[in-house]
Amino acid sequence: KKETLKVTWVKVNQDFGSIFSTLLPGTMAKLEPPEGGSFLDGLEVRVAFGKVLKQSLSELSGGQRSLLALSLILALLLFKPAPLYILDEVDAALDLSHTQNIGRMIKAHFPHSQFIVVSLKEGMFNNANVLFRTKFVDGVSTVQRTVTKQTK
Amino acid sequence: KKETLKVTWVKVNQDFGSIFSTLLPGTMAKLEPPEGGSFLDGLEVRVAFGKVLKQSLSELSGGQRSLLALSLILALLLFKPAPLYILDEVDAALDLSHTQNIGRMIKAHFPHSQFIVVSLKEGMFNNANVLFRTKFVDGVSTVQRTVTKQTK
Amino acid sequence: MHIKEICLEGFKSYATRTVVSGFDPHFNAITGLNGSGKSNILDSICFVLGITNLQQVRAANLQELVYKQGQAGITKATVSVTFDNSERNRSPLGYEEHPEITVTRQIVVGGRNKYLINGKLAQPSQVQNLFHSVQLNVNNPHFLIMQGRITKVLNMKPPEILSMLEEAA
Amino acid sequence: MHIKEICLEGFKSYATRTVVSGFDPHFNAITGLNGSGKSNILDSICFVLGITNLQQVRAANLQELVYKQGQAGITKATVSVTFDNSERNRSPLGYEEHPEITVTRQIVVGGRNKYLINGKLAQPSQVQNLFHSVQLNVNNPHFLIMQGRITKVLNMKPPEILSMLEEAA
Ligand SMILES: Nc1ncnc2c1ncn2[C@@H]1O[C@H](COP(=O)(O)OP(=O)(O)OP(=O)(O)O)[C@@H](O)[C@H]1O
Ligand SMILES: Nc1ncnc2c1ncn2[C@@H]1O[C@H](COP(=O)(O)OP(=O)(O)OP(=O)(O)O)[C@@H](O)[C@H]1O
Ligand SMILES: [Mg+2]
Ligand SMILES: [Mg+2]
């Protein structure tokens, strides 16, 4: 069982690092045991910008934290896929280019799962194949469906 | 002293309600003592959509919560003005029209204080008189100033 | 399997029967103004999947999920989700012969939960088994990121992050 | 009084001397890509205003405020804020004769805080009195909303909301 956990850690770590560096070129991210401990004591998130590992995550910006968290969550999803993923405004702190990158990543690297993504940002929902628009009319919610013209 | 506190409560309450209903027409907001208590026990935030007071704030949407929090904070600022206000991405959860409303409200109703507002949204920063753009170049942050063409 | 259609009636801000159909098998987005009902649709999916911790759907009790808490003449909340189950090797256990699966959950003010699978009354445990067999455990979800919660994973203590990996292992 | 200009040197991601001038007396905005340095400018204002709880500026200790924590040849962080003080009736106590006030704070790696007011060395208490006399108490700020913190006021307990009013009273 300890062996399975270690295998999980290695694979998730690989994807975590690769997704994060794709979203933020020139960076590195990993999960490692706390100082002086083994992985059974727990795992900490460590990042490097350029070659230098940061001592803590506190100086990261709001957008960088969102990208880091998303990278870890997506890495776990790659390891243990679910048929469907539900994401509510995960791009709230992201600028336009990062928002677009998340949208494109979902399209290109997660083709075998269904995504239902809530977003206020065109940079995100323009990547979707189907867009549902909610509207509050006469005190109740309504929904309208539109198909996004997708060019490959 | 109890009297001063009560006067503060009455005035802040008035502005809180008026700002919130300006941002979300057809709503009402107030601070009131908890059930069966007096204002000295504390104050709770209560909202009404239409005529019905809500039992709790939990069903509110992300954007509605931001507008409610901002309304209370701005009401406190009206009561006890500061020379300068620093707001970092308070519009993260707001759609375009609400973002624009906050920007316009700052311009129109808070003319005697200086605002420094960080935002990723044009709907907010288009209302500013001066815009500073930060950019990461060769590993360091840089800033460029632009003047926004303001039409009244 | 993937969602094809969701039907909401009396659920939160969806007072009247609202059919959201034509979901894409891969990438769907929902947008709209603040308070218009986007997160409520995600809540309705969690509701059908069998969520028990109602705080996750911003309610204190089941009655709060009914339109205006039942104070406006609507006394029940019903959500039906229809899944496309044509990929047999990714089918929930025991449903390989069903190309479509519709799961319905209903609450009546003053009453209790009721579940239906393909129109027949079902026990909560049957619904749970169906979804758990395809890695959809909404009460310990790795597939769900709710509004404002994206960075909470960064605030986890090291043992908590390790147990998140154990869940996946 | 209002900010006219901020000069950052060696502070966080502002390695080289960066002058941000021409602030509008009323409405200024700062925008840019994620991680480009927007919040760091707000942190620099808090720094000069005399912040003591460094968690509020996302640092664990003063050294972390220096560019690359002093590991890249830069050993001090200096921030100067120049205020327009032409409105005498809104002047800090004792500075009515100064149409401009420049407050500087500097930290040197391995050293301590240093403050200057209009170029002269000043005690932290002098700086605190200056700002408190115009309602700018950065250590109990009603004028500051940091990133991601806007809705925390809604999670306050009733007594906490009451004390927020007491602060203003
Ligand atoms: N039981 C209910 N009956 C009627 N209305 C309800 C009920 N529960 C929630 N609502 C309403 O639904 C609205 C919130 O909907 P929702 O959270 O889906 O908004 P949203 O589109 O996600 O907005 P945002 O972009 O701000 O997050 C609120 O106005 C709330 O009062
Ligand atoms: N002492 C320091 N030395 C060098 N770089 C630093 C230091 N402290 C913080 N940084 C860097 O500053 C960047 C964050 O800047 P900041 O928080 O101002 O971004 P931001 O523009 O507000 O972005 P966002 O829109 O994502 O909130 C990070 O890349 C961080 O590594
Ligand atoms: Mg929402
Ligand atoms: Mg920031």
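In what follows, every chain begins at residue 1, and chains take the letters A, B, ... in the order their sequences are listed. Fair warning: this is a prediction, and the values are worked out from it, not measured in the lab.
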So, do [X] and [Y] sit near enough that their side-chain heavy atoms are less than 4.5 Å apart?
| X | Y | value |
| --- | --- | --- |
| C/His2 | A/Leu84 | no |
| A/Leu68 | C/Leu154 | yes |
| A/Leu120 | C/Lys38 | yes |
| A/Val140 | C/Tyr67 | yes |
| C/Thr31 | A/Val118 | no |
| A/Leu131 | C/Ile30 | no |
| A/Glu44 | C/Ile161 | no |
| A/Val143 | C/Tyr14 | yes |

For residues [X] and [Y], report the shortest heavy-atom separation together with the two atoms involved.
| X | Y | result |
| --- | --- | --- |
| A/Asn129 | C/His26 | ND2-CB, 4.3 Å |
| C/Ala168 | A/Leu76 | CB-CD2, 4.2 Å |
| C/Pro159 | A/Asp41 | CG-O, 3.8 Å |

How about [atom1] on [X], more than 12 heavy atoms from neighbouring residues, nucleotides or ligands closer than 6.0 Å, or not?
| X | atom1 | answer |
| --- | --- | --- |
| A/Gln55 | CD | no |
| C/Lys68 | NZ | no |
| C/Glu96 | CD | yes |
| A/Lys80 | NZ | yes |
| A/Asp138 | CG | no |

Under a 4.5 Å cutoff for heavy-atom pairs, which residue among [options] has the most contacts with chain C?
| options | value |
| --- | --- |
| A/Leu72, A/Val130, A/Thr8, A/Val45 | A/Val130 |
| A/Pro34, A/Pro111, A/Pro33, A/Gly37 | A/Pro111 |
| A/Leu77, A/Leu57, A/Thr4, A/Val7 | A/Leu77 |

query = Is the backbone N or O of A/Ser141 less than 3.5 Å from a side-chain atom of C/Lys12, with the two atoms forming a donor-acceptor pair by type?
reply =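 Looks like no, no N/O pair under 3.5 Å.
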request  = With side chain to side chain contact (heavy atoms under 4.5 Å, CB included) as the test, would you mind laying out the steps for C/Leu165 and A/Leu31 before giving the verdict?
outcome  = CA-CA 11 Å; C/Leu165 250 73; A/Leu31 293 171; 3.9 Å; yes
Side chain to side chain contact (heavy atoms under 4.5 Å, CB included) between A/Phe115 and C/Asn28, worked out = CA-CA 6 Å; A/Phe115 282 81; C/Asn28 302 273; over 6 Å; no
Look up atom [atom1] in [X] and atom [atom2] in [Y], then write down how far apart they are to the nearest 0.5 Å.
| X | Y | atom1 | atom2 | result |
| --- | --- | --- | --- | --- |
| A/Tyr85 | C/Leu136 | OH | CG | 9.5 Å |
| C/Arg90 | A/Ser113 | CZ | OG | 6.0 Å |
| C/Ile150 | A/Leu67 | CD1 | CG | 8.5 Å |
| A/Leu43 | C/Leu162 | CG | CG | 5.0 Å |
| C/Leu42 | A/Glu89 | CG | CD | 9.5 Å |
| C/Phe143 | A/Ile116 | CZ | CD1 | 10.5 Å |

task = Assess the pair A/Phe132 and C/Phe23: is the distance between their ring centroids shorter than 6.0 Å?
result =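 Ring centroids of A/Phe132 and C/Phe23 are less than 6.0 Å from each other.
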[X] versus chain A, the contacting section by heavy-atom distance below 4.5 Å:
| X | result |
| --- | --- |
| C/Val134 | both |
| C/Glu87 | neither |
| C/Ser39 | both |
| C/Ser163 | neither |
| C/Ile3 | both |
| C/Asp43 | neither |

request  = List the steps, then state whether side chain to side chain contact (heavy atoms under 4.5 Å, CB included) holds for C/Glu166 with A/Leu5.
outcome  = CA-CA 6 Å; C/Glu166 280 181 296; A/Leu5 190 52; 3.4 Å; yes
Chain C contact via [X] - which portion, at a heavy-atom distance below 4.5 Å:
| X | value |
| --- | --- |
| A/Arg133 | both |
| A/Pro81 | backbone |
| A/Phe79 | side chain |
| A/Leu40 | backbone |
| A/Ile73 | side chain |

remark   = Comparing C/Gly37, C/Ser13, C/Gly32 against chain A, the one with the most heavy-atom pairs below 4.5 Å turns out to be C/Ser13
remark   = From the list C/Ile41, C/Ile45, C/Leu8, C/Asp24, the residue making the most non-hydrogen contacts under 4.5 Å with chain A is C/Asp24
Steps toward side chain to side chain contact (heavy atoms under 4.5 Å, CB included) verdict (A/Val90, C/Met146) = CA-CA 8 Å; A/Val90 295; C/Met146 312 209 78; over 6 Å; no
